[in-house]
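So the structure is just underneath, and the comments pick up after that.
Both ligands and their constituent atoms are indexed starting at 1 by order of listing. Scope of the values below: all heavy atoms of this structure, side chains included, with no hydrogens, waters or symmetry mates.
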Amino acid sequence: MKAFEYAAPRTEAEILQVLSAEPGATEVLAGGTDLVGLMKKMLVTPDRVVNIMDVPSLKTIDELPDGSVSIGAAVTLDLILDHPYLDVYPAVKQAIRGINSMQLQCQGTLGGEVCQRPRCWFYRNGLGLLSESASEGANQYHAILGNTGPAKFVNSSRIAPALIALEAQLRVIGPGEDEERLIPVSEFFRTPRHDGQREHVLQPQQLVTHVILPPIAGRTCATYEVRDGEGPDYPLAAAAVAMRLDGYGIVHAAKVVLGQVAPTPWNSPEAERLLIGHPVDPRRAEQAGLAAVRMASPLSENTYKVQLAKVAVKRAILLAAGHETGGF
Ligand SMILES: Cc1cc2nc3c(=O)[nH]c(=O)nc-3n(C[C@H](O)[C@H](O)[C@H](O)COP(=O)(O)OP(=O)(O)OC[C@H]3O[C@@H](n4cnc5c(N)ncnc54)[C@H](O)[C@@H]3O)c2cc1C
């Protein structure tokens, strides 16, 4: 590991003072479950590490006057699982439960989960995020959607699809001392086009401070992950759905977002269109699943993910509507 300076600010303003404007010169340290491994492998080599875990304002879960719930970026995932304010957002809790490791849930934070770097093994072995090797083979865990450019990795966050389906926003501070803005989670991720471009829109000297979930307002929601085991590993495909149904069970609004299938969480307006105006039943959910993967362009070794993604969408819709998910 490269030697680095360590900063432990106590306020949001102090964080901005110690973050550098130079790309890569400073890194934010939250739970460290991702960052420390990257630093040990010298994939990330900051001159200064800024620990945000001593900043009280980043560690609270609050209900806001309009009924939104604000979760500090440094809140650990186990606290989210236990918190009653978040019971109405089962899609978020289901995604966290999927991590299936008490250690990671107690140490990992919400901000770190959303901002974690891709698990792409070419990237993790020093070949960069846009390695051409991913087109050639060993791409069974790579993207099946949004993969026509140089980026073949999948976005790793398992909570982000739920946050997007629920229309959550991120409070971001910096780079200036008094600057702060709200960014919809749906606009936070991007597909890098060249080396050195990050997979989200944060600039150096910017930081996510809070995730703001709007009031549930009668919506139902669910996350469904297809995994190859019960251990702490990433899903092969996932989907999060939020819907508003009327008293007759007709869908009036729907958000369908896939995870682990593209370099960003992948919104499917095609699936949403199929749901709106209809009651949810297994056939309709299946059609929506098919629509969500119709544009898939699998790589040489991941055609199997198309079926898994279709199933994830179908089952997330059924779960959100309170149905049994059924078999394949
Ligand atoms: C062995 C192992 C297995 C894992 N398995 C899983 C798994 O099954 N599922 C899963 O989802 N995850 C898994 N993880 C990944 C990850 O550890 C967790 O998702 C965790 O929530 C990350 O949070 P953290 O606080 O530890 O992040 P950190 O490691 O502290 O940070 C991660 C990244 O986000 C940046 N960052 C952190 N907070 C902020 C912020 N507020 N604003 C801007 N940038 C920020 C950091 O600079 C860093 O680049 C695994 C990790 C390990 C080591």
How long is the straight-line distance from [atom2] of [Y] back to [atom1] of [X], given to the nearest 0.5 Å?
| X | Y | atom1 | atom2 | value |
| --- | --- | --- | --- | --- |
| I80 | Q105 | CD1 | CD | 10.5 Å |
| S268 | R273 | OG | CZ | 8.0 Å |
| L170 | L163 | CG | CG | 7.5 Å |
| L110 | L79 | CG | CG | 11.0 Å |

In terms of residue, atom name and distance, what is the protein heavy atom nearest to [atom]?
| atom | result |
| --- | --- |
| atom 28 (P) of ligand 1 | G32 N, 3.5 Å |
| atom 9 (N) of ligand 1 | R158 NH1, 2.8 Å |
| atom 20 (C) of ligand 1 | T33 OG1, 3.3 Å |
| atom 46 (C) of ligand 1 | V28 O, 3.0 Å |
| atom 10 (C) of ligand 1 | Y234 CE2, 3.5 Å |
| atom 36 (N) of ligand 1 | C115 CB, 3.8 Å |
| atom 27 (O) of ligand 1 | G112 CA, 3.4 Å |

Backbone N or O of [Y] within a donor-acceptor pair of the [X] side chain at under 3.5 Å?
| X | Y | answer |
| --- | --- | --- |
| T220 | A320 | yes |
| Q206 | G174 | yes |
| S156 | R119 | yes |
| K59 | M53 | yes |
| Y123 | L130 | no |
| E225 | A238 | no |

Numbered atoms of ligand 1 (with element) below 4.0 Å of [X], judged on heavy atoms:
| X | value |
| --- | --- |
| A30 | 25 (O), 30 (O), 37 (C), 38 (N) |
| L202 | 43 (C) |
| D233 | 8 (O) |
| L207 | 40 (C), 41 (N), 42 (N) |

How about H200 and F188: are their ring centroids closer than 6.0 Å? yes
Backbone, side chain, both or neither: what part of [X] comes under 4.0 angstrom of ligand 1, heavy atoms only?
| X | result |
| --- | --- |
| E113 | both |
| A73 | side chain |
| I159 | neither |

Any salt bridge linking [X] with [Y]? Criterion: basic side-chain nitrogen under 4.0 Å from a carboxylate oxygen.
| X | Y | value |
| --- | --- | --- |
| R124 | D34 | yes |
| K310 | E286 | yes |
| R158 | E113 | no |

Could you check whether atom CD of E179 has more than 12 heavy atoms from other residues, nucleotides or ligands sitting under 6.0 Å from it? yes
Is there a polar contact between ligand 1 and [X], counting only N or O atoms under 3.5 Å apart?
| X | value |
| --- | --- |
| D34 | yes |
| T109 | yes |
| R119 | no |
| L77 | no |
| Q206 | no |
| G31 | yes |
| L35 | yes |
| Q116 | yes |

Decide whether the shortest distance between a heavy atom of I52 and an atom of ligand 1 is less than 4.0 Å. yes
Quick one: does G37 get a heavy atom under 4.0 Å from ligand 1? no
Out of L104, V114, T26, V36, who is nearest to atom 2 (C) of ligand 1 when you count heavy atoms only? L104
Please state which option from N51, I173, V208 has its nearest heavy atom closest to atom 40 (C) of ligand 1. V208
